[in-house]
Number of protein chains: 2
Amino acid sequence: MTVHQHGRYSTPVEDLPSRAVPEAAVGRLAIYLRVLTSMIEQGVTTMSSEELAGAAGVNSATLRKDLSYVGSYGTRGVGYDTAKLVEHIEQLLGLTRHHSVAVVGIGNLGHALANYGGFPDRGFPVTALFDVDEDLVGIPVGGLPVDHVNTIPEVCAEREVTIGVICTPASAAQIVCDLLVAGGVRCILNFAPVMLQVPSDVEVRRVDLAVELQILSFYQARRSPGPRAGAAPVDPVAVIR
Amino acid sequence: MTVHQHGRYSTPVEDLPSRAVPEAAVGRLAIYLRVLTSMIEQGVTTMSSEELAGAAGVNSATLRKDLSYVGSYGTRGVGYDTAKLVEHIEQLLGLTRHHSVAVVGIGNLGHALANYGGFPDRGFPVTALFDVDEDLVGIPVGGLPVDHVNTIPEVCAEREVTIGVICTPASAAQIVCDLLVAGGVRCILNFAPVMLQVPSDVEVRRVDLAVELQILSFYQARRSPGPRAGAAPVDPVAVIR
DNA sequence: TGATGTGAACTTTTTCACAGCT
DNA sequence: AGCTGTGAAAAAGTTCACATCA
């Protein structure tokens, strides 16, 4: 099976819902959402682009441009209404709908994910668990019984799974991926260290520990002279408790 | 500009500050490395840019440009010697040195990471585990006893930890981060859903489950009409075993 | 007055296309 | 004949700077 290459045709205006949101902006919007949620909990009702950008670690112009993809919901001279903004970002990210999640591969990581239960920031209920190991099948993990991977297509279709999370060893990832796709799953979060081949209408996000560590290694390598920072410039270390 | 390697390629390999490698290229190089390693295991000794790019899911021109940051180690009309290329990429990414890793927060995820033992693709030995929970302190997880977070600065300095992995709840992440920095750790992999504030000489990589799910949600939302793909276009499903 | 929203400038990244080796 | 390596073009993304409006 071949990868990507979505044939864009001469039709210049293929406007779906709103303006096309740049790839990079989508990720940042998710971050603004988190910052906003946390600020709202602290009773903050209004924030300027400067404040929000600072908390999210981006330039304020970038933030304003990102928000402009969502629409114009700020007030000049004042800032953004936190609650209103959250609402609109959630709308844009499609978080008003629930996304049923299946976790495949109940090893260390899969176990950890299954135990999150509702998954970070609710809205992503885990409704199916799969593993190859016959001994695991039927055993409840985080309150949900494990099914056999062979049943992925039926179970995913039946439970209307929209997001599949692959936590299997690399060797099984592609097959599992194919099974998820056969089950109608079009969004995949892949923790296995392989590049998955999928049809062009399937979106894959990769979370790759090895790659992250190697990137850190790169920056460490081309840091000043010493391999490690010298002796710790010890902080007035607060005691955690 | 760059030190062009005229004559033979046996120039002093010591010139660390080679051409500035673009951020984006570093991540891809880590992927090429993995693909190459896996191909070598299958006995492949030579690959063209087209083949390698295909396997890594990138454009072949992008791949060649990325490899040009590493140096010119291909053979025109032939391709790249897989073994040689691996060697040079590892060199560039600083993988010839070991990077001692500390995992902080031995919950579900921390547990999973600690149990990887040597961490993906070896070269990243886990040498310290930390948690706030006094009951966990001293208990070995994956063969290594857990230390208390208060001892992070000393232990990290002592064991020469270069990479800190934060798996704590969001509320503890910043404090833990400060402790790691105090311990001389300059590379941090953050799994907690917060934006960490660090000195400019500290490199932070974020792995954010919630953000990944929300990005998938976004693409799902602006997909065709139906919320899910229709009935499964069932594959000739291979039985996993 | 003060902060948004956005065209324009700038920077980075990707892709093209082809000269130059093997 | 074929594939790399790279300048140059194109695209994507970021930042500036300011008109605009509550």
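Heavy atoms only: backbone and side chains are in, while hydrogens, waters and symmetry mates are out. Below, chain A is the first sequence line, B the second, and so on; all start at residue 1.
In this structure, the CG atom of D66(A) is 7 Å from the P atom of dT14(D), given to the nearest Å. The distance from atom OH of Y73(B) to atom C1' of dT4(D) is 15 Å, rounded to the nearest whole Å. To the nearest angstrom, C1' of dA3(C) lies 15 Å from CG of D81(A). N59(A) has its CG atom 9 Å from the C1' atom of dC16(D), to the nearest Å. If you measure from atom CG of L85(A) to atom C1' of dT4(C), you get 12 Å, rounded to the nearest angstrom. A straight line from OH of Y80(A) to C1' of dA22(D) spans 14 Å, rounded to a whole angstrom. Rounded to a whole Å, the CD atom of E50(A) is 14 Å from the C1' atom of dA17(D). We find that NE2 of H88(A) is positioned 17 Å from P of dT4(C), with the value rounded to whole Å.
At a threshold of 4.5 Å between non-hydrogen side-chain atoms, the residues L180(B) and C156(B) count as touching.
For the residue pair D208(A) and P193(A), the shortest heavy atom distance occurs at OD2-CA, 4.3 Å. L85(A) and L52(A) get closest at one heavy-atom pair: CD2-CD2, 4.1 Å.
Contact annotation: S49(A) does not reach the phosphate of dA3(C) (side-chain N/O to OP1 or OP2, under 4.0 Å). For the pair R28(B) and dT13(C), the criterion of a side-chain N or O lying under 4.0 Å from OP1 or OP2 is not met. For the pair T62(B) and dT15(C), the criterion of a side-chain N or O lying under 4.0 Å from OP1 or OP2 is met.
If V78(A) and K65(A) are placed on DNA chain C by their nearest nucleotide, the residue sitting closer to the 5' end is V78(A).
Among the nucleotides dT14(C), dT15(C), dT14(D), the one closest to the side chain of A61(B) is dT15(C). The side chain of S48(A) lies closest to dT4(C), out of dT14(C), dG5(D), dT4(C). Distances from the side chain of R64(A) to the nucleotides dA3(C), dT6(D), dA17(D) place dA17(D) closest.
Side-chain atoms of R76(B) and base atoms of dG2(D) include no donor and acceptor less than 3.5 Å apart.
Across all strands, E23(B) comes closer than 4.0 Å only to sugar-phosphate atoms, never to a base (heavy-atom distances).
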Could you walk me through whether K84(B) and E90(B) pass the salt bridge (Lys or Arg N to Asp or Glu O under 4.0 Å) test, one step at a time? CA-CA 10 Å; K84(B) 194 162 294 183; E90(B) 285 183 338; over 6 Å; no
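The only member of I152(A), I188(A), V165(A) that meets side-chain contact (heavy atoms from CB on, under 4.5 Å) when paired with V104(A) is I152(A).
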